[in-house]
Amino acid sequence: MKQFTSVHDVEDLESLVREALVLKQHPYAHESLGKHKTLGLIFLNPSLRTRLSTQKAAQSLGMNVMVMNMGQEGWALETQDGAIMNGTTVEHIKDAAAVMGQYCDVLGMRSFPKLQNVEEDYSEEILKKFIQYANVPFVSLESATRHPLQSLADLITITEHAPKGRRPKVVLTWAPHVKALPQAVPNSFAEWMCAADVDFVITHPEGYELDPQFTNGATITYNQQEALEGADFIYVKNWSTFQPNYGEVLTQDASWMLTNQHLTNTNNAKVMHCLPVRRNVELSDEILDGPNSLVVHEAANREFAAQAVLKRLLEGIQ
Ligand code: AN0
Ligand code: CP
């Protein structure tokens, strides 16, 4: 593997999930694979899980890790080709990426969308330029439109907890939030669930339709109660609007926040969320602190998702 930016970079999904589950049992089985190899993690935005789980995963493979909080500690980056840099930006992404590619054998970057211009965000310009100029194997730590390490951890979690002998029903439900959030997590989750062996339903209020390039193959309904019927897994996430007005909050309707009452007609559904979560806005305390919550298991699996991906990237170098 040369890069991990979406499900399309994975040749065999099932074997990657299996590999992650084996690594979870034997995390130090490949501790010399990354010897004398350096991973650079570049954060243009905040992170807890992605930063720590990816560092730990790399260390278990014997890699050296460098983390750069670009947003706070780096120079302000210019991304426009041909820009006359007489404003606030100090260094062009071309130069910064090329230099980091000299220091690192594998690079990862987190870059959120600005949620102002749909064409700009969905072109993934920053991600593409970074990969092009760094010119080393690359892992996305969440880009403007996708969060593939999260989706892989989610699929690992579903695989571990799935009912035996039948396809699980997985429901992605929109949840309220006070801020406009990216579509990256739901886009990515939808894309991975459409590629996995599950029955997949998406439910959200009218106006929150996701880009169909990610949801093709899913059943989509505005009726949350109907969607949740018989669910084995409920994946909770807020997102802002995609179209026609990009990056907006249309409603904060609290009836969309899952409580135990919402689980009544499910198959004793397990509840998932990528975290961080706004308690009692996106998800109720009673669910998060109750027996159906998988959120901490999911976060734990981020380590083995990252380790499986880094292992494949390292194998691509050797
Ligand atoms: C981010 C998002 O929704 O994309 C990161 C999630 C992993 N969440 C927030 O900004 C709260
Ligand atoms: N789920 C997730 O990516 O968390 P962080 O933003 O804390 O990395």
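Whatever order the structure lists ligands and atoms in, that order sets their numbers, starting from 1. We use all heavy atoms of the structure for the numbers below, so side chains are in, but hydrogens, waters and symmetry mates are not.
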| Minimum-distance protein heavy atom relative to atom 1 (C) of ligand 1 | F112 CZ, 4.0 Å
| field | Numbering as shown, the atoms of ligand 1 that approach K237 to under 4.0 Å (heavy-atom distance) | value | 2 (C), 3 (O)
| said: Does this structure show an ion pair linking R167 with D197, if we count only N-O contacts that are shorter than 4.0 Å? | reply: yes
| request: Check whether the side chains of N45 and E142 place a donor and an acceptor atom closer than 3.5 Å, and report yes or no. | output: no
| Nearest atoms (heavy-atom pairs only) where L263 meets N292 | CD1-ND2, 3.9 Å
| said: Could you tell me, atom by atom, which parts of ligand 1 come under 4.0 Å of a heavy atom of L275? | reply: 7 (C)
| request: Give a yes or no on whether the ring-centroid distance for Y222 and H204 is below 6.0 angstrom. | output: yes
| task | Would you tell me whether D154 and Q150 have side-chain atoms, one donor and one acceptor, within less than 3.5 Å of each other? | result | yes
| remark: shortest atom 4 (O) of ligand 2-to-protein heavy-atom contact is with R49 NE, 2.8 Å
| remark: ligand 2 atoms nearer than 4.0 angstrom to some heavy atom of H147 are 2 (C), 3 (O)
| Cationic tip of R51 above F43 ring, under 6.0 Å, 45° of axis | yes
| request: Write out the residue and atom name of the closest protein heavy atom to atom 2 (C) of ligand 2, then the distance separating them to 0.1 Å. | output: R302 NH1, 3.3 Å
| request: Answer yes if L52 and V139 sit in the same cluster of Ile, Leu, Val, Met, Phe, Trp and Tyr residues linked by side chain heavy atoms under 4.5 Å apart, and no otherwise. | output: no
| How close does the nearest protein non-hydrogen atom get to atom 9 (C) of ligand 1, and which residue and atom is it? | L181 CD2, 3.8 Å
| request: Could you say whether the N/O atoms of E142 and ligand 1 ever approach to under 3.5 Å? | output: yes
| query | With a 4.0 Å cut-off on heavy atoms, is E142 touching ligand 2? | reply | no
| field | Those atoms of ligand 2 less than 4.0 Å from some heavy atom in L48 | value | 5 (P), 7 (O), 8 (O)
| task | Please indicate whether any nitrogen or oxygen in H147 is less than 3.5 Å from any nitrogen or oxygen in ligand 1. | result | no
